[in-house]
Structure formats: C-alpha cells, structure tokens
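Worksheet: one structure, shown below.
Throughout, protein chains are lettered first and strands after them, A, B, ... in sequence-line order, and every chain is numbered starting at 1. Since the structure is predicted, the reported quantities are computational estimates derived from the model, not experimental observations.
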Amino acid sequence: MVALIITFILLLPVAAAAGCLIVRRDNLGNGVILITGLALAAAALMMVSIAPAGLTAAELGGRTFEGVILAADMGLLIIFLYYGRRYKSRAVLFLSTAQMLLLGGVEWLRPPWVPFDAMVFQADGLARVMLLIINLVGPLICCHAIAYMRNHERHLKLEKSAQPRFFFVMLVFLGAMNGLVLSNQLHHLYFFFELTTLCSFLLIGHDKTPTAVDHAVRALWVNSIGGTAFALALVLIRVSKDTLDLQRLLTQGHSPADLLLPALALLCLAALVKSAQFPFQRWLLGAMVAPTPVSALLHASTMVKVGIYLMLRLAPMIQGTFLSRCTAVYGGFVFLAAAALAVGQSNGKKVLAYSTISNLGLIFACVGLNTPPALTAAVYLLLFHAVTKALLFLCVGTIEQHIHSRDIEDMRGLYAVMPATALMTVAGVLMMIMPPFGVLLGKWMAMESAATDIPVIMLVVAGSALTVMYWARWAGLLMSEPVVVPFRPERMPMSTWAALSVLCAGGAGLSAAAPWLYDLLVSAVIAPGSLLPVYTVHWGIMESAAGRFAVFPLSLLAVSGCLVSVLAFRHANRGRAVSPYLCGEQTAEPCVFNGPMDQPVKAGAKNYYLTSIFGEERLTVWLNSAAAVLLILLLGGTL
Amino acid sequence: MNHALIILGIGLVAGPLLGGLAGGLDRIVTARLQARTGPPVWQPYYDVIKLMAKELVVVNGWQAFCVYSYLFASMLALILFVMQSDLLLILFTQALGAVFLAMGALASTSPYSQVGAHRELLQILTYEPLLFLVGVGIFLETGSFKISVVMQWKDPLILKLPLLFAALGYVMIIKLRKSPFDLAASHHAHQELVRGVFTDFSGPLLGMIEIGHWYDTVLILGICSLFWATGPVPMAALAAAAYATIILIDNAAARLNWRWMLGHVWAMGLALALVNLICRHQG
C-alpha cells in the first residue's frame, strides 16, 4: 500500500507534466492540472493516515535505480553547463564543473553503496508534514495559476502560449519536492535538490525579459554554491563513513576523528543558500520577477523550506555542537535583519520576500536551539508560514493584475475596489502576527524555548517588534477609505476564488485545530518514540512545563469578537457620513482642503518607511557583512 | 465554575474601576503640580458617559470594527492576567489591541490620523522588545511564564531584576501616553498633530477607546506589580509608586521626537535589560 502511494506521489506529477506538454487545448490542460492536484492531495492525506513505512532498494530494482539517479545527476549538471554557456555565466560554468568533478570523484573513489534492505524512500514524521504542505498548498497555487497565467499572457500579448511549458515545470517541481522529502539516501536527496534549483531557474526566467533572464541566472549560480557545498559534503561523508543513508548516519552519530561534522556544516551552508538567508538573499529578491504563483509556490511555501527540512533532518546529529549553537544565533540575526529591511520597503512583493527570509531565519534559530520545544516551534512555523504566505502571495498577485501595481501605497483604499481580495489579504496579515493564529502560536513557542538563550532572545524580540510594524501598516491601509457598502465581492475567475478562499479558510481552521495537530503530526517529528511529549493538550489548550496557550478557547473568543466587530462595522456604516479631519477646511472633493489664497490643496500622507534607518542601500552592506562573519564562524567552528 | 466566573467578573470590573480612578487621580495630581485645583476624581467617568451619549459618526466603518476589536483585545488581555495565564500570551494579546487601534487610525485618510498611526506603530516598535524581555526576565528568575507560578514566588523580583524594572519604566511611559513619549496622541489637542491617532475617532468610539485605555493601564500596572508579588499590599504599593513617578516625569518633561524615542529607548532599555539578564544568568 505504502509502496503504491509513494510511487504514485512521485510519478503522477511527472506524468501530468508530460500531459500538459502534449495537450495543447486549454480546458483539457486545466482539467489535467486540477485532477492531478486533487489526486496528490488525496494521496498525501492517505499517507498521513497509515503507519510510517518506506520503499527498500530491493523493491526499486537495486543497482538499476542507482544508475538512473547517477545518469540523471549528470544530465542535470550538463543542462546547467548548457545554460551557463548560453547566458555566459562563468560562475555557473565553474560551479557545475566542480559539482561534476566531485560527483565523479565519489563514483571513482567510493561509489555510494546501497544495500538491498536499505530504505530508499521513507515517509516518516517530518516527511509527512512536508508532503502535506507540498501536496495541499502546491495544487492550490497551481489552481490559482490557471487564471493568473491566462491573464498574464493576455497582458503580455504573446503570440504562442508558453503555458504548457510553465505548467510542465510547475508539476515537475512538485514531483521533485516529493522526491526530496521522501529520499533517505543523501545522494538521491542531492539529485532532487538540484532538480528544484533547475525548476526555480526555469520559472524565474519564464517571461524571457532581460531582467527575468538576468535574475534567473543569478538564482542559478547562487543556488549552485549550495549544490557544490552539498556535493562536497557527499564526498566528505563518503570518505569517512560507509553509508550515505540518513537513518544510519543518525544512529551512528559522529566521532571527533571523522569528517562528518565539517560535512554537516557544508550541508548547513547548502540549506542556508537554498533558504536565501543573508548574505545570499539577493537571489530570492530577484526571483520576485517571476509570475506570482511561482513566488508563492517556490519562493515562499515549498522550495525555500528545503533548507529548513534539511536542517531538521540533521538536527539530532548536531545536537550540542558549536555548529548548532551558531545556527541559532545566525538564524536570530537573519530574523531581525530581514525584518528591518522589510520595514523600509514599499514594494509589496519585496515586503513578502523579506518577510519570508525573516521567518525562515526564525525557524533556523529554532532548529539551532535544538531542544524539543524549539523543534516543535520550528515545525509549527514551517507549516503555518507555508499556508499563510502562499495566501498572501496569491492575494498580491491577484491585486497586481487588477490595479497593475505591486506598490503598497497604491493599495490604499483597496477595499472599495476589490473588497473580497482586500479582506483576505487583511486576514492573511492578521494570521501572520496575531494570536490565536498558527504563526503566532509558533512564535510564542519559539520565544518560550529561546528564553534561556539570551543572545537569541534579544534578536528575536527585536525582530518580532519590527515584524508587527511592517505588517500592521499594510493591513491598515487596505481598509482605508473610501468604503463601499453594501459588501459586493468583485468578479474573479472560479479558480482564483477557490484557491484564495480555501487557503484563507484553511489557514484559519488549521490554526484553531493546532493543538490536535500536535498529537497527529508534530510530535512524531520531534524525536519519534521519545518518552515525554513537550506539550500536553486538553480541551484545545496547549500546556508545557513553562507556559500555557489556550488555542481553541481563544479561537472561539476571536470568532465571537470578530462577529461583534463586524456588526459594529455594519452599524457604523449606516450612520451619517463625514469626511476625514482637515482642520475644518475641507472642500466638497475628498482629501482636498482650502489652502492659502483659497486655492484647493490636496492633502495626503504616506507610510513611514524610515529609509534613513531601514533603507536597503543603507543597511544591506552592513547586514551582509555581519551575516558573513557569523557564517564563517559557523563553518570554521567545525574544523 | 463559580470561581472562574468571579475571576472573570473581577477582570471585567477592575479595568474601568481602577483604570478610571487612576486617570482621575492623575488629573488631580497633575493639576496640583501646575497650581490648579483640577477636576473631581470621577471626571474620567463623566467624560466617557458624555462621549457614549453622542451620535455615532465615522469616516469609515472599519474604524468601528477596529475600535471594537481593540477594546475586546484589551479586555481579554486583562482577563487573562487576572486568570493568571501565560505572560507572553498576555503580551501578545495586548499587542493585538494596540495594533488594531493603529489600524483604525490608518483607515482614515486625514494626514493627522495617518501620522498619528505611524507614530503609534513606532511606539509599539519601541516598547515591545522591552516588554517581552521583562517577560523573559521573570521567566529566568521563576522558571515559568505562568503568572500563577510568579505569584507564588517568595522573593521580590525587583531586587533581582532592578535594571529590567527600569526598562519597564520606559514601557510604562510610552504605553500610558505620557511625556516625553506621548508622540502618537499628543495629550493636548492644540499641538502640531491635533490628536494624532485619535483625530478621526469621535463620540461612542472615542469613549470605547478611553475604556480600552483603562484596561491597558491596569494591565501594565499589574505587570509592574509582579516585581513585588509577595502579597497584595506590596504589589499595590509598587504599582502606585511607579504610577506617581510617571506622572511626575510627565509633568517635568517635554515631548521628544520619534528618532529620539526609538534611539534612546532601544539603546538604554535594551542595554539595561541585557546587562540585568547577563548578570543574573551567565555570571
């Protein structure tokens, strides 16, 4: 049964991707995408309901499978070399060649050896959480992309639709992610890791404009640094150990004599690059040129989470090491630094990008703290950040196609133009920063578990305050006047509606159900089979030794409070309409007052972006240098 | 069950009762410091009753939404405090209220309201880290974030965390909207910002904001009193002393700008907190 589902979940996206290429008719292609999405979601849910299990090498045909992976590895690197030559990027050429040599070296010196009884694909607790994120959020984003890409191409006035290619890559990417989280052999994981890099490159450059190509190449070479670090780590592990099997490495642990710890540091570097942590953040910022569903899928909810996934996998191995401690401080620093840069941004997608980097930093800090409560916090943040950020990205994409701007300032009074989307964006923002929603639950756990580590908690509290600032002002101006009553939702394609409302309702519903997710999913991730759970759940209240969060009761209260407030909103709208205060000098026109010489003057105020403090030009250099120092410390400390 | 209802009742009543009285006393003390007689101690209640009786007028219906949410969150935070719940959760809940108030002000396009809202957000940015560090400090001393455990602690925390208490002083000045940090809602409406974040709220909604502020006042004084939680008398004495000091500072200081607030409070407050935490826990 498990074997069947794993094969299904791996092969279906690829088959559907091929289907998208062949079927050129719009409706048929959309049907393929939707059915694939539903099937993937069902398979992922089934996976959660059955006992953890996997596929062994014997079941996969032993050596032939190894051969296929090796050939695919080399094929990928040849594609990288091809693009490196085509776009004249020396960095890509150099890094891909280096990876080829490293892989060749492993093959030649000590080829990876997978015994017949070794697990090749395994669905344990962590893999299940990731599978749920990938196969529930991913299809929703693809669904949103159907209408988005149609509009997008209409806007670009393309002669020949590039949509088949787009959906081909998106679906292959889903398959690659599934493979990545299921792989138990590090060299297989490496293949899927590189495959996601290729998908990201193709999707960022999808529009083929000079900027898009430029940023895509940048993403490729920066991510190749991660790939090279990964390949080097493979060599080091292979030299000092007889296996690349993750489960076996976990049970063997490391001794001071072998090279495992430096290899883990290199894997950590690969993870940080993939998650666009400072100083590698530029590729993610550049990736925002891609169509918004790409940003939502790859650069917010799934691909950038690969780094977190990898670190969570390795966390037991680095427990108590300097590497782990350093990762905690480094993560806390990135949380603060990216939040500071987000304060200075008025470009909506850039705010989202920085916020993603910032939240990933917080999760890295939790993984680095490496205690059961901190790891629980990391998993909660991972899960809820994926859902909420996907919602926010898709909202911004929908807004952008309507008002043709992604600047926050242009979204003032959006409620009058597109009330439903504005409300869902506000809901998304509230879910990012407010109790009792899931992201905040994660942040609460993170703070309570970081409290014993003074440097980390200092960074986290400062970053958290900055986070509140940049989100609150965005939500506030979406609800700015004018307000149009009664509420009449704007016209949107069915697929857009479905994706946005399911994500919004799902995020809120999952938040209320968070205590039960703990027993169902999360506790299995943190040291499976451990003696005592970190949190006890009763009546929807999560209680640990040090604290208590009444998630479900607070959710009920929040719902009732929200209902009362909505009634107040409706009641207030029926009252007498007045204009905003302009010292009593307002004219009949909105926002215009009688100035000197009785001349009409337009009044206006913009957000505080505080660019003199939080400007990108001003801060980036310093933050990058500080992060680089921390990174060198992190890598150097293992030698 | 009865016990829980009584606690709920205490939480709901304590806010308006103590908060309003504190406001009334504040006005009398301030007046005496300025050689005036001042209003009767019940004046805040008269003000709110009068506001509540006025016509409901809004620029934008979302203001009503935000004010109701603000009041709700502030009440909830105080109730959680009285129920001796988790300290960090209480801080998050009060932050929720503060954010809703700023969002309500952002919903009006009046420049006064907008600038006021941004200053309010800057104030939140300034005090939030300190407030959370206070929670962390209390946790490091007592080993728990639950106020029920903190209340059973035998030693006064202020002796162990004096610098953190000083940092909390900054938070209280900002949170109670006192000079030199009353940037967002300048107390006297004839100044550069009119009434800042409150400019476009009027009538019943302004009255509700006032009630919300009473709850906030009691909450922050309650957190302050945790520093000497050996019994009701020292708790009340510490809160009263802190409140009196803040009124004195309010009358003695002139308003500063946000740069000064952010720079000074972050530098001084975070340094105080850091020194105290390091002294206690990594020495």
Side-chain angles (χ1 to χ4, degrees), chain A residues 412-413 415 433-435 440 444 447-448 451-452 454 457-458 461-462 464-466 468-469 472-473 475-477 479-483 485 545-550 554 557 561-562 564-566 568-573 575-583 590-591 603-608 613, chain B residues 55-69 72-73 76 85-86 88-89 92-93 95-96 99 102-115 117-118 121-122 124-126 128-129 132-133 136 139-140 143-146 194 199-200 205 266 270 274 277-278 281-282:
Chain A
R412 270 176 201 280
Y415 181 74
I433 53 171
M434 287 190 178
L440 193 108
W444 170 79
M447 279 196 182
E448 298 219 329
T452 45
I454 292 168
I457 192 71
M458 294 289 287
V461 292
S464 174
L466 286 165
V468 169
M469 169 144 186
R473 66 179 183 206
L477 63 81
M479 301 200 293
S480 164
E481 28 142 23
V483 166
V485 278
R548 185 192 308 131
F549 196 131
L554 282 180
L557 278 176
C562 187
V564 173
S565 302
V566 167
F569 168 70
R570 294 173 58 116
H571 177 66
N573 276 330
R576 184 159 55 92
V578 290
S579 57
Y581 179 78
L582 288 172
C583 295
C591 292
K606 286 194 170 173
N607 281 350
Y608 278 19
I613 303 178
Chain B
E55 184 194 357
L56 174 66
V57 170
V58 291
V59 171
N60 173 344
W62 287 114
Q63 288 179 309
F65 181 91
C66 290
V67 168
Y68 272 77
S69 300
F72 186 75
L76 188 60
S85 183
D86 187 286
L88 285 194
L89 180 61
F92 278 126
T93 312
L96 171 76
V99 166
M103 278 166 59
L106 281 171
S108 158
T109 48
S110 161
Y112 302 100
S113 185
Q114 291 275 328
V115 173
H118 280 104
L121 287 174
L122 277 168
I124 296 174
L125 170 65
T126 311
E128 248 208 12
F132 278 98
L133 286 178
V136 169
F139 163 75
L140 288 175
S144 178
F145 284 104
K146 292 172 201 158
V194 190
T199 303
D200 264 327
L205 292 183
W266 270 40
L270 289 178
L274 186 63
L277 292 180
I278 289 177
H281 293 280
Q282 289 187 343

side-chain hydrogen bond (donor to acceptor under 3.5 Å, both in side chains) with T109(B): which residues, sequence neighbours excluded? E481(A)
Taking the side chain as every heavy atom from C-beta outward, state whether I124(B) and M469(A) have any pair of such atoms under 4.5 Å apart. no
For chain A, find which of C66(B), S110(B), A64(B) contributes the most heavy-atom pairs closer than 4.5 angstrom. S110(B)
Can you see which heavy atom on R548(A) is nearest to which on L89(B), and at what distance? O-CD2, 4.0 Å
Using side-chain hydrogen bond (donor to acceptor under 3.5 Å, both in side chains) as the criterion, list what pairs up with E128(B), not counting sequence neighbours. none
Any side-chain heavy-atom pair of L582(A) and P111(B) under 4.5 Å: yes
If we only count heavy atoms from C-beta on, is the H118(B) to N607(A) side-chain gap below 4.5 Å? yes
Of all of L88(B), L122(B), T199(B), T126(B), which one pairs up most often with chain A through heavy atoms under 4.5 Å apart? L88(B)
Tell me the closest heavy-atom pair linking S480(A) and N60(B), and the distance in Å. C-ND2, 3.4 Å
Give the minimum heavy-atom separation between A107(B) and M479(A), together with the two atoms involved. CB-O, 3.8 Å
Heavy-atom proximity to chain A below 4.5 Å, by part of L270(B): both
Tell me which of these, V57(B), L106(B), V115(B), has more heavy-atom pairs under 4.5 Å with chain A than the rest. L106(B)
Which one, L274(B), L205(B), V67(B), leads in non-hydrogen pairs under 4.5 Å with chain A? L274(B)
To the nearest 0.5 Å, tell me how far F132(B) CZ sits from I457(A) CD1. 9.5 Å
Answer yes or no: is there a side-chain heavy-atom contact under 4.5 Å between L440(A) and F92(B)? yes
State, with a plain yes or no, whether a side-chain heavy atom of V468(A) is found less than 4.5 Å away from one of L125(B). no
Considering all heavy atoms of both residues, which atom of L56(B) and which atom of A572(A) are nearest to each other, and what is their separation? CD2-CA, 3.8 Å
Which portion of L554(A) sits near chain B, non-hydrogen atoms under 4.5 angstrom: side chain
Could you pull out the closest heavy-atom pair between A462(A) and W266(B), with the gap in Å? CB-CH2, 4.0 Å
Need one label for R570(A): side chain, backbone, both or neither, based on atoms under 4.5 Å from any heavy atom in chain B. neither
What's the shortest heavy-atom distance between A472(A) and V99(B), and which atoms? CB-CG1, 3.7 Å
Okay, E55(B) and chain A: the region with an atom under 4.5 Å from a heavy atom over there is side chain
Hey, does S108(B) have a side-chain heavy atom less than 4.5 Å from the side chain of Y581(A)? no
Could you tell me which portion of L140(B) (side chain, backbone, both or neither) has an atom closer than 4.5 angstrom to a non-hydrogen atom of chain A? side chain
How are the rings of W62(B) and Y415(A) set relative to one another: parallel (under 30°), tilted (30 to 60°) or perpendicular (over 60°)? perpendicular
